[in-house]
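We number each residue from 1, following the sequence as shown. Bear in mind the structure is a predicted one, so any value in this text is a computation, not a measurement.
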Amino acid sequence: GKPGEDYKALLDAGAEKAVEAKSPAQEAPKQEQPEEQKQPAKSTAPKSGDATVIRMPLLSDTMTEGKIVAWLKKTGDQVKSDDVLAEVETDKATMEIVPYVDGTLLYIGVEAGQAAKVNDIIAIIGKEGTDIEPYLQDDDGGSQAAQPAAAPAPKTEEPTGATEVAVSEAPQHQGGERVKASPLAKRLAAEKGIDLQQIKGSGDHGRIVKRDIDEYKPAAQQAASSAKGAAPASTSFVAAEEGHKDIPLSQMRKVIAKRLSESKFGAPHFYLRMTVTMDNAIAARKHINEVSPVKVSFNDLIIKAAAMTLRRHPEVNSSWMGDFIRQHSHIHVGTAVAVDEGLIVPVIRFADQKSLSQIAEESGMLIEKARNKKLQPPEFTGNTFSISNLGMMDIDEFTAIINPPDSCILAVGKITPTPVVEQGAVVVRHLLKLTLSCDHRVVDGAVGARFMQTLKAYLENPVTMLV
């Protein structure tokens with residue numbers, strides 16, 4: 001307004017209008033709420049300090065769920081903070097779960113052999129006699145509590161006979177009472193279209209678990225199987241039958257399928273092949289092993305040569321980051337190791353700065369831990385370049401799929417004595433075939449070719465790696 005103008009009258013007028021607008025709403029008759037809605041939902045809040053919920057931890061950057069390999073404690077056991085509670089199989093290795101609290105193991109939420117998603121409840125530890133239901137209800141979230149109570153179903157006449165018996169055997173759940181079931185059991189029941197109200201739980205406090213879902217048979221199916229059992233056995237003989245075996249996916253296999261599919265179909269691969277004469281490397285390795293405290297393998301020589309080559313060609317030591325390329329100043333070389341469940345890549349960190357004997361010792365230790373599922377996350381993450389060697393399995397050559405986030409992977413075949421022509425004479429040389437898989441978003445053909453030339457020079461004359 002204008003300078004000096006009285007504004008208090010405007011404020012008073014606005015307040016009167018607000019009161020007038022509010023009063024009709026206050027005078028509106030209140031609608032009576034149904035009896036069920038008037039009563040708040042009864043819930044017991046968890047008491048602080050009585051119990052601690054143990055959840056499935058995130059043990060690797062690619063982990064979405066973990067499989068319980070074995071429980072080392074059972075319900076009712078006393079647990080100390082540094083005890084190993086269970087062993088969990090992740091997509092990379094088998095890890096130990098430590099509770100970090102003292103108390104009694106009150107509840108196990110996931111049976112051995114079953115999987116749980118990250119952050120799902122797997123156990124509850126606390127004072128003996130503590131009611132665990134509030135903790136489980138609290139984990140279910142507020143969505144169920146916010147739903148209105150189900151209206152009672154209209155009574156209908158039940159037919160007599162077999163159906164009547166089946167209904168009488170079904171567990172009785174009161175209307176509005178929450179069915180106690182594990183998250184996995186709920187998911188399986190939803191997938192199979194099974195009504196949890198018809199299942200009697202075999203878990204703690206009548207809780208429905210996966211076993212109950214797997215063993216559940218509808219009444220009609222039970223009657224059919226009974227009738228089939230009463231029929232006389234067939235005397236026909238079947239000479240051969242088709243069949244199959246469904247193998248559940250391990251956590252490692254799931255991640256291999258996901259990440260390598262993304263790499264193969266998301267990164268434009270191209271391949272560079274080169275043959276390396278390994279006679280000097282064979283002789284050099286023999287002399288090295290005469291003085292080395294640990295045995296140096298050809299794979300150790302290749303790791304060292306690749307690390308030295310990456311130092312001279314940093315463009316290959318890079319990662320595609322979506323809208324930019326990250327060129328790493330450190331050189332961490334991963335080596336693919338085959339295990340029963342699939343493939344894992346232990347990482348030799350700062351490989352360019354380590355001697356051959358150091359690489360050999362560390363590589364042997366990591367491979368042993370990988371096969372025993374004892375690798376820790378820092379030992380299988382952070383690679384900037386990868387090597388896959390199938391030479392020891394008599395493979396001449398092959399192409400490998402790039403291991404994200406790397407931009408290249410080197411595939412190594414076997415060393416083969418081969419006749420070659422040198423200066424007009426036929427001589428036998430030990431040849432090694434290498435294939436470099438490149439992500440064309442990061443590495444161009446000429447860059448990859450120069451990398452392979454340098455790598456070949458190091459392997460054909462290993463003394464140059466010492467200079």
Can you tell me how far CD of Glu111 sits from CH2 of Trp71, rounded to the nearest 0.5 angstrom?
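Output value for this atom pair is 10.5 Å.
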To the nearest 0.5 Å, how far apart are CD1 in Ile213 and CD1 in Ile199?
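Result: 3.5 Å between the selected atoms.
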Side-chain heavy atoms of [X] within contact of [Y], under 4.5 Å:
{"X": "Leu410", "Y": "Thr435", "answer": "no"}
{"X": "Lys186", "Y": "Leu196", "answer": "yes"}
{"X": "Ile387", "Y": "Val333", "answer": "yes"}
{"X": "Leu436", "Y": "Tyr271", "answer": "no"}

Got a salt bridge between [X] and [Y], using NZ or NE/NH1/NH2 to carboxylate O under 4.0 Å?
{"X": "Arg349", "Y": "Glu362", "answer": "no"}
{"X": "Lys433", "Y": "Asp396", "answer": "no"}
{"X": "Lys80", "Y": "Asp83", "answer": "no"}
{"X": "Glu262", "Y": "Lys258", "answer": "yes"}

Between His328 and Ser318, do the side chains contain a donor N or O and an acceptor N or O under 3.5 Å apart?
no
With no hydrogens and no angle check, just 3.5 Å: does a side-chain donor-acceptor pair link Asp300 and Ser297?
yes
Is the distance from the ring center of Phe385 to that of Phe451 below 6.0 Å?
yes
In terms of the angle between their ring planes, are Phe350 and His332 parallel, tilted or perpendicular, with boundaries placed at 30° and 60°?
perpendicular
Greater than 12 external heavy atoms within 6.0 Å of Phe398's CZ
yes
Decide salt bridge (charged side-chain N to carboxylate O under 4.0 Å, His left out) for Asp77 and Lys74; before the verdict, give the C-alpha distance in whole Å, the side-chain angles of both, and the deciding distance to 0.1 Å.
CA-CA 6 Å; Asp77 286 355; Lys74 60 181 183 294; 3.6 Å; yes
Check the pair Glu128 / Thr104 against side-chain hydrogen bond (donor to acceptor under 3.5 Å, both in side chains), numbers first and verdict last.
CA-CA 6 Å; Glu128 189 173 355; Thr104 302; 4.6 Å; no
Quick one: which of Lys304, Arg312, Arg311 gives a salt bridge (charged side-chain N to carboxylate O under 4.0 Å, His left out) with Asp352?
Arg311
